[in-house]
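Note sheet for the following structure.
Both ligands and their constituent atoms are indexed starting at 1 by order of listing.
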Amino acid sequence: MNDTIESLMQGIRGGGLRVIDLTQPLNSNTPIIELPPQWGQTPGFTLKEISRYDERGPFWYWNSFETGEHTGTHLDAPAHWATGRDKSTVDRIPVSSFIGPGVVVEMREECRANPDALLTPDHLHRWESRYGEIPAGAWVLARTGWGDRFSDAAAYKNAGEDGMPHVPGISKEAAELLTGQRDVLGVGVETVGTDAGMAGTFDPPFPNHNIMHGAGRMGLTSLANLDQLPEAGSVVIALPLKIEDGSGSPARVIALVAG
Ligand code: MN
């Protein structure tokens, strides 16, 4: 066997690499984004049993499911956003672009104090002062602690007295830096979308979607278990379904870490 493949497999089989599941469960309670009523709404996840070792199929169990493309832990393709309309749909992204080094940006403490916190260039510069320049092809992951709220829909949405969701996100300036001065695959978050809860009121609206997808980059949302990743040194693998002409897809996202 090739040496690189052999050492990778030895690492995974108890030889110093851990495989972390960064994926939240899909079920009828999986939180989905709710848009103002004038816009089309996404269905949540619904599982429907076809047969389960019974008269409908004595030897087998299987289900069908309905869901929007942007449900649960999922990948946003560049073509998800109007600015990326000429860029890749989920089936046309080269599979090597689903794999990249994890750059984990620590934000938990400030998100506890301020749920509207944004990941800014200051966070990225702080990360780079410790670990060096954000590597090409990285997934930049905002570790906000929000994944801990996933099973509590109200806490996850965090509606304020104004009725608006107060949820952290990626700033316009950080998206500009990551697309203009660095060469990342995209960003990942623990929240329902890569933009902050209030980002519909920003200029431009939803600046991370606008800039990241306009530059042909991707998004990962509703990630889990980011607390198990080191700030640097992991490999993140995010695999969406190959939906032809799809704008995104639920994904199984995993990471390899040393230890
Ligand atoms: Mn999405």
Are H70 and S247 close enough that a side-chain donor and a side-chain acceptor fall under 3.5 Å?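 Yes, because at least one side-chain N or O of H70 sits under 3.5 Å from a partner of the opposite role on S247.
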
Regarding D21 and T23, is there a side-chain donor-to-acceptor distance under 3.5 Å anywhere? yes

Quiz item: cation-pi between R52 and Y61, 6.0 Å / 45°: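 Judged by the rule, R52 and Y61 form a cation-pi pair.
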
Are P78 and I93 close enough that some pair of their side-chain heavy atoms sits under 4.5 Å apart?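 P78 vs I93: side chains touch.
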
Here's a test for you: under side-chain contact (heavy atoms from CB on, under 4.5 Å), which of V103, V189, V105, L229 qualifies with L141? L229

Which distance, rounded to the nearest 0.5 Å, do you find between the CG of N2 and the OG of S7?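 If I round to the nearest 0.5 Å, the distance is 8.0 Å.
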
Could you name all protein N, O or S atoms found under 2.8 Å from the Mn ion (ligand 1)?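 For the Mn ion (ligand 1), the protein N, O and S atoms that sit under 2.8 Å away are H70 ND1, H74 NE2, D76 OD1.
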
